Amino acid sequence: MSDFTNNELDNYDLLIVGAGIFGLTFAQKAARDGKKVLIIDKRNHIGGNAYSEFDKQTGIEVHKYGAHLFHTSDDAVWEYVNQFSKFTNYVHRVYTTYKNEVFPMPINLGTINQFFRASYTPDEARGVIKKQAQELANKQPTNLDEQGISLIGRSLYEAFIKNYTAKQWQTDPKLLDPSIIRRLPVRYNYDNRYFNDKYEGLPEEGYAKLFENMVREKSIDIKLSTDFFDENFVFSKKNTVGKMPIVYTGPIDKYFNYKYGQLGWRTLDFEKSIENTGDYQGIGAMNYADLDQPFTRILEFRHFHPERNYPSDKTVIVKEFSRFAEKDDEPYYPVNTPQDADNYAKYQQNAKAEPGVIFGGRLGEYKYFDMHQVFAQALQAYKNFANQL
Ligand code: FAD
Ligand code: UDP
């Protein structure tokens, strides 16, 4: 039995499906403009995949759906998020283990010199990589494999990217979009920051608090553990589409009942453990480049908040295993093979024709977006649609 009755549809100006960053941002803006908003989420918390919670035994903040590092060069987004939380000055750094040796990531002069047992200057290293990348003869890369080789040459690509990507995507790199790998900078200096952005940091009191602060307006109601496709629910798809404005941030293929087939997604399995040491690996994220470890990386969450008073004898680590998502798995990364792209284009055409429904976010747009991009898109979407609410 639902606790809403039918005439409650009229109580809201807007229904938001999904309490992730897209949904919360849109809701916050609409509520500020005096709209009455209902947010539903099938999970039992807000924040979507960026949600975090404090581990009961150690008090260490654990990002429940994988490490979430906030970074942006967008002034408007930075200003927007800072309304809801202060940010620490955490700077993300990653190392990768390859054949029992630890290298800095992303690939920088330190990685190149360690790998080639050399002491190249920046110009020499550029020359070496350029020579290695010549096999592509200035061809415009059309897939991840070509993009990887043209960025760093075959030997570095095969050591640090090829097998990691095979574990992460289990898709022939020739079928993967080159943009996946363009996310990673390649630097001919010793700067080993993972991101290039102007702003970087983590919410001082944790992600959950940031999200709670976004939806403090009285005109926002939130209903958790509620599925939009559950027809017994008054605010289900069946009962609401065409009757009120809707922001839908779930998977687009699911919305249309997979009528053009299932879009390819990757999901992750997280293996969490508490280790009896104050420091397990010396860094927040250690990638594993070889195929003999089945996981892609190990996260050690204490390192994301060195300013906090965490226990000195215990630490939380999480191993990440990646695999294809089946229908009931959490869809995390859009695979986006050419076939997926064709099917998505069809779903997108259908989405345009759907009365009063805005599709947004990583799942709604079937795109590999970072948090700051989703904040920016939701702010823009709100600007575009505010006058229709
Ligand atoms: P989501 O967070 O997925 O929210 C969608 C919500 O909709 C979910 O809560 C879901 O439960 C709900 N929903 C779906 N279907 C229904 C339904 N039928 N009924 C009701 N509710 C429904 N970004 C970064 O900037 N930095 C990082 O370091 C980073 N790391 C990441 C690591 C991993 C493992 C993953 C998966 C993502 C990472 N991201 C990172 C990306 C980041 O998670 C996303 O950009 C952002 O959370 C997307 O927000 P969203 O609102 O689009 O979607
Ligand atoms: N990647 C890799 N080796 C690494 C790190 C990344 O091959 O050590 C590739 C891999 O294909 C991955 C992509 O670069 O999917 C983007 O990496 P990023 O760390 O941005 O991925 P995410 O944190 O979103 O999983």
Side-chain angles (χ1 to χ4, degrees), residues 15-26 39-51 63-72 92 94-98 103-107 111 144 147-148 152 157 159-169 171 173 176-177 179-185 194-195 197 200 202 207 211 223-230 233 235-237 247-252 254-255 265-268 270 285-289 296-297 299 304 318 320 322 330-334 360-365 367-375 377-378:
L15 170 66
I16 300 213
V17 182
I21 287 172
F22 194 98
L24 296 181
T25 305
F26 205 100
I39 308 177
I40 64 167
D41 202 297
K42 63 180 185 174
R43 290 176 174 163
N44 64 359
H45 60 75
I46 63 169
N49 285 347
Y51 172 76
H63 303 173
K64 190 167 175 193
Y65 305 94
H68 275 70
L69 295 317
F70 190 82
H71 54 97
T72 183
H92 193 47
V94 175
Y95 283 78
T96 186
T97 300
Y98 166 68
F103 294 82
M105 277 299 275
I107 289 167
T111 324
L144 191 147
Q147 181 70 72
I152 51 176
Y157 169 72
F160 297 114
I161 307 296
K162 193 175 166 195
N163 291 337
Y164 183 98
T165 299
K167 288 194 283 186
Q168 173 79 4
W169 296 94
T171 297
L176 287 172
D177 199 289
S179 65
I180 293 177
I181 187 78
R182 280 201 300 265
R183 289 162 55 83
L184 288 185
Y194 203 65
F195 305 115
D197 283 310
E200 189 175 345
L202 291 169
Y207 278 102
F211 298 132
K223 207 165 157 48
L224 298 174
S225 308
T226 301
D227 192 330
F228 186 53
F229 300 107
D230 172 358
F233 175 50
F235 289 87
S236 67
K237 178 185 174 198
V247 171
Y248 176 80
T249 70
I252 190 167
K254 171 123 199 242
Y255 182 97
W265 293 95
R266 308 284 305 154
T267 195
L268 296 175
F270 300 110
M286 177 66 77
N287 291 354
Y288 284 84
T296 49
R297 55 190 171 193
L299 306 168
F304 295 154
V318 174
E320 269 185 28
S322 174
E330 294 290 350
Y332 287 142
Y333 296 100
R362 217 182 211 213
L363 306 171
E365 293 192 40
K367 292 219 171 55
Y368 194 82
F369 292 135
D370 273 331
M371 293 182 282
H372 63 283
Q373 295 169 304
V374 177
F375 275 112
Q377 271 154 0

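Both ligands and their constituent atoms are indexed starting at 1 by order of listing. Everything quoted here is computed from the prediction, not taken from an experiment.
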Give yes if a backbone or side-chain nitrogen or oxygen of [X] is under 3.5 Å from a nitrogen or oxygen of ligand 1, and no if not.
X    : value
L69  : yes
N49  : yes
A19  : no
V374 : no
K42  : yes
F369 : yes
A67  : yes
D370 : yes
V17  : no
D41  : yes

Min side-chain heavy-atom separation [X]-[Y] under 4.5 Å:
X    : Y    : value
L363 : W265 : yes
L176 : T165 : yes
K223 : F233 : yes
M105 : L184 : yes
I16  : F22  : no

Where's the contact between L24 and ligand 1, heavy-atom distance under 4.0 Å: side chain, backbone, both or neither?
->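 Within the 4.0 Å criterion, L24 makes no contact with ligand 1.
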
Quick one: does ligand 1 sit under 4.0 Å from the side chain of Y65, the backbone, both or neither, non-hydrogen atoms only?
->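 The backbone, only.
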
Consider ligand 1: state whether an atom of it lies below 4.0 angstrom from any non-hydrogen atom of Y333.
->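 True for this residue.
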
Could you name the option among [options] that has the heavy atom nearest to [atom]?
atom                    : options              : result
atom 36 (C) of ligand 1 : K367, H45, R362      : R362
atom 31 (C) of ligand 1 : H68, K64, K223       : H68
atom 4 (O) of ligand 1  : S322, G20, G47, P331 : G20

Could you tell me whether K64 and E330 have a side-chain N and a carboxylate O separated by less than 4.0 Å?
->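 Salt bridge between K64 and E330, a charged N being under 4.0 Å from a carboxylate O: no.
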
Tabulated below should be the N or O atoms of ligand 2 paired with protein N or O atoms at under 3.5 Å; can you produce that?
from, atom 1, to, atom 2, distance (Å)
ligand 2, 3 (N), F160, O, 3.0
ligand 2, 7 (O), I161, O, 3.3
ligand 2, 7 (O), T165, OG1, 3.1
ligand 2, 8 (O), N287, ND2, 2.9
ligand 2, 11 (O), T165, OG1, 2.8
ligand 2, 15 (O), W169, NE1, 2.9
ligand 2, 19 (O), Y194, OH, 2.6
ligand 2, 20 (O), R183, NE, 3.1
ligand 2, 20 (O), R183, NH2, 3.0
ligand 2, 21 (O), Y368, OH, 3.1
ligand 2, 23 (O), R297, NH1, 3.1
ligand 2, 24 (O), R183, NH2, 3.1
ligand 2, 24 (O), Y368, OH, 2.7
ligand 2, 25 (O), R297, NH2, 3.2
ligand 2, 25 (O), Y333, OH, 2.8

Ring centre gap for F211 and H68 strictly below 6.0 Å |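 No, too far apart.
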
Within the structure, does at least one protein heavy atom fall under 4.0 Å of atom 53 (O) of ligand 1?
->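 So atom 53 (O) of ligand 1 lacks protein heavy-atom neighbours under 4.0 Å.
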
Give me the ring orientation class for F229 and Y248: parallel if the planes are under 30° apart, tilted from 30 to 60°, perpendicular past 60°.
->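 Ring orientation, 0 to 90° scale: perpendicular.
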
Side chains of R182 and Q147, donor plus acceptor under 3.5 Å =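 Yes.
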
